[in-house]
Participant: 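Got a structure for you, questions after.
Residue numbers begin at 1 in each chain, while the letters A, B, ... track the order of the sequences.
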Amino acid sequence: MGYKSGCLGHLGHKLEFVLIEPPFFSETNLISPRLHLPIQSSWKDGRRHPSHFSLEEEPNRSVMVILVGPPGSGKSTFCEAVITASRRPWVRVCQDIINNGKAGTKVQSLKAVADALNEGKSVFIDRCNLEKGQRADFMKLCRSQTDIHAVVLDLPAKVCISRCVNRTGHEGNLQGGRAAAVVNKMLQNKEAPNLNEGFYRITFCQNDMDVKEAIKMYSELGPSDKLSSGEFGQKSKKENVQPSIMKFFKKSAREENSQKEKEGNNSSANDSRNQFPTLAFPSISTSDFQFDLDKASDIIVESAQDFLKRVDNVRLALVDLSDKSRILSLVREKAGKKGIDSNRFMTFVGDITQLYSKGGLRCTVIANAANWRLRPGGGGVNAAIFKAAGEVLEVATKERAGTINPGSSVAVPLPSTSPLYQREGVTHVIHILGPNMNPQRPNYLEDDYTKGCKILRDAYSSLFESFASVACLERNKKQKLVELKERAGGESKSKEKREEVKSRNWGSWALALYNTAMDPEKHKDGLLEISDNLIVLNDLYPKAKKHVLVLSRLNGLDCLEDAKREHLPMLRSLHSAGVKWVNKFLSEDSSLYFRLGYHSVPSMRQLHIHVISQDFDSPSLKNKKHWNSFTTAFFRDSVDVMDEIEEHGSAKITDEKLLEMELRCHRCKSAHPNIPKLKSHIAKCRASFPPHLLQNNRLLSASNNDTLEQIS
DNA sequence: GTTCTAGAAC
DNA sequence: GTTCTAGAAC
């Protein structure tokens, strides 16, 4: 680990200190689903799910101290003084040095804070934090077992300025003459912390004496101590500066948490987190099939983590009946260690057939630990689900499949007449069969865990993939329903609307490709290939080393949304032309990788495939929209588009909101605070591409044997 | 789609 | 002070 830690003797106590320093914040460490917390407002609520509270595990309460003060107010000195004298494990997160000793970003700080809190450490947030908005993101990271404090270093501006002017070697490089201007400007926008923001305690320090007292107070705050709540030391209320320290007993923590647990379960029906498609699943193979719990829990956590990295706006919940469940606690522990966002992957104690009615957990899809015949009975989850869903599930299952192999799954839409649908809101049951280590049951693996683990991995990956496609279908259905309602609501109005949508207003700049396609001879310069039905040209502003457009010449086929079954021959020829150029480029530089695809909502009129190398090494790639248009689901691989149109008559168009997503490396999925940082990362990232891209020839490379075959 | 620029963030 | 983003204009 790249942080320093150690022990110092202090009054006979063991003292631990932790100073964050590079290379702890290397880019690879930024791979953390938890980063969604500050970025994705939809998971604002950072509390752990009620089912995550367990009496034995409850750690001492940690404290998040947000320091508030301009440069020169002595924030760093404050932290260091407390950390060297305290018995509590503290982490100081200082944005000025977080990036390999240099100034870093807020996202990096947020990540460091989240990590420290996850480890049960207390945190000093050493940045100015003068405005409410600057504090808010950090406060969102807080979980229920952490108290948020503010220490306001409210010293006279001239004191701060003179300290800045006189200091040398400041971490944030703010020193000398320009400091005065910066401090004054910052103080103009100062918003004093308020308890309403969510602080448990706020300590104001008006002078050096106050600061000393506050340092003493925090230094003496032992691991299980708790300061009293409220505002202290504001203006001249000196009597409150030295607050009483009360012992915080574990017992009271337990009581509080069990209370929270109750409240959580009752109110979670309206919980905003319930709006995401959620898959509830039992642990596969670990009960009747006697699969090793430790191995199984590893596989569950890894599979879930991998899935959640790739798919947004979904949740997974591992469910077991008993709160003493060994598999639940193993998974909880391992998921915690990996820093998986517990709002997206949770463990839940309850009956999988009554999650909503009894537990308040809305799960649109549940998994069934099925038998190979896909028949009811046998006891356990399988019997319970078939019983709760009624006969209609048996019928619906039979329509889909007769039997199932270990390691695979079968998704069955649940008829709306099923009680499970009506009462619990379950739209699909996914049957899944895992490996069997029980000699009494079919397909006994004779303790071959190499095979067993592979099958279990396959089973979970098949389950999660089924869930993803089900969730996607449901989402589209809802959208269509809304559209239908709108149309029924006002035929004349909606007619106009549709016309408007259909004849989308393309700006003059958006017609360049259309004009070229209609009259290529006029725009011959720079065209790589012209035929009767298509044109290939270099993108005027290439976003990678190689970036060409394969343009349809069909008038009226403006964008992906317009592409229907009758256009399939055109789509196939565009694709083949693209693959041909990929092969040419690969023969010139075999180190490249390529993708061929469409933008869900293009900026330029006239249907075109982007053929783009995956280095994204280009000065024309300048902003978030550029990046996300090629690396999120906004980019629709040509192979998928052809499959979808063949199967459903049209291709899925993804939401333009994807373009606003955080910046993630397209290979290792690490998050980055801005485009320059992202670009320097991707210049060196050599992680393998996500598994999804390695399938179905979505990614073309010199080593891809099928590349050549695709031309024919 | 790009360019320009105000202002947010540091 | 500088760096970076996001929105307007084209």
Participant: For B/dG1, does either OP1 or OP2 sit under 4.0 Å from a side-chain N or O belonging to A/Lys625?
Facilitator: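 Looking at the OP1 and OP2 atoms of B/dG1, neither is under 4.0 Å from any side-chain N or O of A/Lys625.
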Participant: What is the distance, rounded to the nearest whole Å, between atom CD of A/Glu660 and atom C1' of C/dG7?
Facilitator: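 From A/Glu660 CD to C/dG7 C1': 11 Å.
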Participant: Tell me, which pairs form a salt bridge (charged side-chain N to carboxylate O under 4.0 Å, His left out) where one or both residues lie in residues 604-620 of chain A, sequence neighbours left out?
Facilitator: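 For residues 604-620 of chain A: A/Asp558-A/Arg605.
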Participant: Could you state the atom-to-atom distance from CG of A/Asp137 to P of B/dA8 in whole Å?
Facilitator: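 For the pair A/Asp137 CG and B/dA8 P, the rounded distance is 16 Å.
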Participant: Does NZ in A/Lys564 sit with more than 12 non-hydrogen atoms of other residues, nucleotides or ligands closer than 6.0 Å?
Facilitator: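 Counting other residues, nucleotides and ligands, NZ of A/Lys564 exceeds 12 neighbours.
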Participant: When you measure from the side-chain N and O atoms of A/His626 to the phosphate of B/dT2, is any distance below 4.0 Å, counting only OP1 and OP2?
Facilitator: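 Yes, within the criterion.
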Participant: Considering only side-chain heavy atoms of A/Gln95, which listed nucleotide, C/dC4, B/dG1, B/dC10, is closest?
Facilitator: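 Of the options given, the side chain of A/Gln95 lies nearest B/dC10.
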Participant: Parallel, tilted or perpendicular: which describes the rings of A/Phe635 and A/Phe630, with under 30° parallel and over 60° perpendicular?
Facilitator: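 Judged by the thresholds at 30° and 60°, the geometry between A/Phe635 and A/Phe630 is tilted.
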Participant: Can you confirm whether or not the ring centre of A/Tyr218 sits under 6.0 Å from the ring centre of A/His149?
Facilitator: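 Yes, the ring centres sit under 6.0 Å apart.
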Participant: May I have the distance from A/Gln108 (atom CD) to B/dA9 (atom C1'), rounded to whole angstrom?
Facilitator: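 The distance from CD of A/Gln108 to C1' of B/dA9 comes to 14 Å, rounded to the nearest Å.
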Participant: When all nucleic acid strands are considered with a 4.0 Å heavy-atom cut-off, which category describes A/Ile675: base, sugar-phosphate, or nothing?
Facilitator: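 Sugar-phosphate: the residue A/Ile675, judged by heavy atoms under 4.0 Å, touches backbone atoms but no base.
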Participant: What is the separation between atom CG on A/Leu621 and atom P on B/dT3, rounded to the nearest whole Å?
Facilitator: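 Value for this atom pair: 13 Å.
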Participant: Counting only side-chain heavy atoms from C-beta out, which of B/dC10, C/dC4, B/dT2 sits nearest to A/Lys543?
Facilitator: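 The listed nucleotide nearest to A/Lys543's side chain is B/dT2.
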Participant: Given atom CG of A/Asp539 and atom P of B/dG1, what is their separation to the nearest angstrom?
Facilitator: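 So the two atoms are 8 Å apart, to the nearest Å.
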Participant: If you compare all heavy atoms of A/His610 against all heavy atoms of A/Leu549, which two are closest, and at what distance to 0.1 Å?
Facilitator: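 It is ND1-CD2, 3.3 Å.
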Participant: Return the nearest nucleotide to the side chain of A/His599; candidates are B/dT3, C/dC4, B/dG1.
Facilitator: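 Of B/dT3, C/dC4, B/dG1, B/dG1 is nearest to the side chain of A/His599.
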Participant: Would you say a side-chain N or O of A/Lys624 is under 4.0 Å from OP1 or OP2 of C/dG7?
Facilitator: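 Negative; the distance criterion is not met.
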Participant: Which whole-number value in Å describes the distance from A/Leu678 CG to C/dT3 P?
Facilitator: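 Rounded to the whole Å, the gap is 19 Å.
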Participant: Between A/Trp509 (CH2) and C/dA8 (C1'), how many Å, whole number?
Facilitator: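 That distance rounds to 13 Å.
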Participant: Among B/dG1, C/dT5, B/dC10, which nucleotide sits nearest the side chain of A/Asn674?
Facilitator: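 Looking only at side-chain atoms, A/Asn674 lies closest to C/dT5.
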Participant: Tell me whether the ring of A/Tyr541 lies stacked over the B/dG1 base, given a 5.5 Å limit on centroids and a 30° limit on the plane angle.
Facilitator: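 Taking the rule of under 5.5 Å and under 30°, the ring of A/Tyr541 does not stack on B/dG1.
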Participant: Please report the distance, rounded to the nearest Å, between CG in A/Asn628 and C1' in C/dA6.
Facilitator: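 Distance, rounded to whole Å: 14 Å.
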